[in-house]
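Read the structure below first, then the notes.
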Amino acid sequence: MREAIAIATLALAACGAGSGEGLDQNGQPTGLQPTLASIQDNVFTVTCAVPGCHGGTGAQQGLRLDPGFSAGNLINVPSPRDPNLIRVVPGDPDASFLIQKLQGTQTLGDRMPDGGPYLTTAQVNVIRQWIQGGAPTQ
Amino acid sequence: MKTGTVTAATLLALVLLAPAASIAEPYLAVRTGYKCMVCHVNPTGGGKRTEFGSSYSQTAMAAERLDLMTGQTAAAGSEPESWTGKLNDRFAFGADLRATSQYVAVPHDTDTFAFKPSAQAYLEVKPIADRLTIYLDEHVSPGAATNRETYAMLWFANKTAYVKAGRMFVPFGLRIEDDTAFIRQATSTSFNSFDDGVEGGLELGPWSVNVSVTNGQGGGNEINRGKLFSSLFSYVQPAWRAGLSASTNFNGAADHRMQSVFAGLRTGRISWLASGIYSTEDGTKTGRLKQWATLVEGNYEAAKGHNLKLTYEYYDPNADVKEDQRERYSAVWEYMPFQFTQFRLGARKSNGIPQNNAQNATELFLQWHAFF
């Protein structure tokens, strides 16, 4: 019995502390995270919300992705070109037009960002994770 | 990781190879084979001791028994009286006072040394013997007094079932003394966590079932219709025990669920405790937060009045984030020289991510625990 307990104890002990690699001081991952704020800072603002694309008052398809505008223009909002295509369906990344456009699996229009370079699979997966988690805005 | 494994192996070797001994909380229940309610007024443990629990601490836990009238060592073969805080058949008092001196060394930061007193006072009123109890648990120091528990408890069915209402510690998991343990912190079920509501329980032979419904606001004002449902199931045998716990707290916007599994085992002079908790919380900034924590503890009774407690803990604060795990090793020697007095000398080493100094602190403490 003691041997079994010893083995179980050692197995637990072997877990060890994390190396902290890729984390900030609070243990939160640095870089792109599955939050709207992080996606805004790391993707929308730097890649999408640029003049002539999805930035400013003349944003393409009315999809303005500047800080403070993204949630209202994405979550449960249909595409003006096809009302059946919802840009972000909370909890369902596969059904979200945004994901389809980023992955290149869309049935309407071009893959985004227009002309590339496209987001990496890892980046898209983080956005999928945000949507899967209900697309929280906080 | 290798350092952690070596340290754990060393601690484990100390536990397994050292000669046999002990004192305290759930491990005492494992050592004696008793249910929590045998030694505590609260059926789920903690707080004021019962008359039996107080007598047990005086007769079986202290290294030496003093004559309460003279303060001298009781003569061999004599049976000195016990004092349990009982005033009469209706009223009984109790108290815990912990005077702690604590040294904490944090890498790349200023070391601290502090005195930290803490005191609780208990009042048990029994208007009807073995049926109705009115109970108060007041944190009286430091700072302003804080009520931790105030409830009325009614026993029925030959004291196999009870219901209580008021403010109480919610029944969940292993209620160990150390509030800083990961399994306590991650579940917010410390002795500073209480809630207002009702609790019912069954005590059927080796089985215990405790279920509560409370506001879920930690004793604060209720702000929604959601409630905290918590449950505790345990099976107690003389040499071992096992239990499960589950709770859910829906606050109107997000759900917080927790599960716990725990066990105790006595092997000779060692009383083992093990527990694991898993928690999910919706509505956080990053969506669903999943956490888990474990604890393994060995309590070695070296001699009457002496207990060596060695503990290993592991904590994953976010299961979706890699390399953020924490662990902690503790070694505490508990010495009870005579009745009502316990000294605790301990060291804890925490290991966390290197960029967070506080997660890698080393703590030394000496505590004088006076109680009745």
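Predicted model, so just to flag it, every value in this text is computed and none were measured. First the proteins, then the strands, lettered A, B, ... as listed; each starts at 1. For the numbers below, each heavy atom of this structure counts, side chains included, while hydrogens, waters and symmetry mates do not.
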Within the structure provided, determine whether B:Gln355 and A:Asp24 are in side-chain contact (heavy-atom separation under 4.5 Å). no

With rounding to the nearest 0.5 Å, note down the distance linking CD in A:Gln28 to CD1 in B:Ile353. 9.0 Å

When you measure from the side chain of B:Asn356 to the backbone N and O of A:Asn26, does any donor-acceptor pair fall under 3.5 Å? no

Assess whether atom [atom1] of [X] is packed by more than 12 heavy atoms of other residues, nucleotides or ligands within 6.0 Å.
{"X": "B:Lys322", "atom1": "NZ", "answer": "no"}
{"X": "B:Arg257", "atom1": "CZ", "answer": "no"}
{"X": "B:Glu323", "atom1": "CD", "answer": "yes"}

Could you pull out the closest heavy-atom pair between [X] and [Y], with the gap in Å?
{"X": "B:Pro354", "Y": "A:Ser19", "answer": "CD-O, 3.1 Å"}
{"X": "A:Ala17", "Y": "B:Asn351", "answer": "CB-O, 3.5 Å"}
{"X": "A:Gly16", "Y": "B:Gln325", "answer": "O-CB, 4.0 Å"}

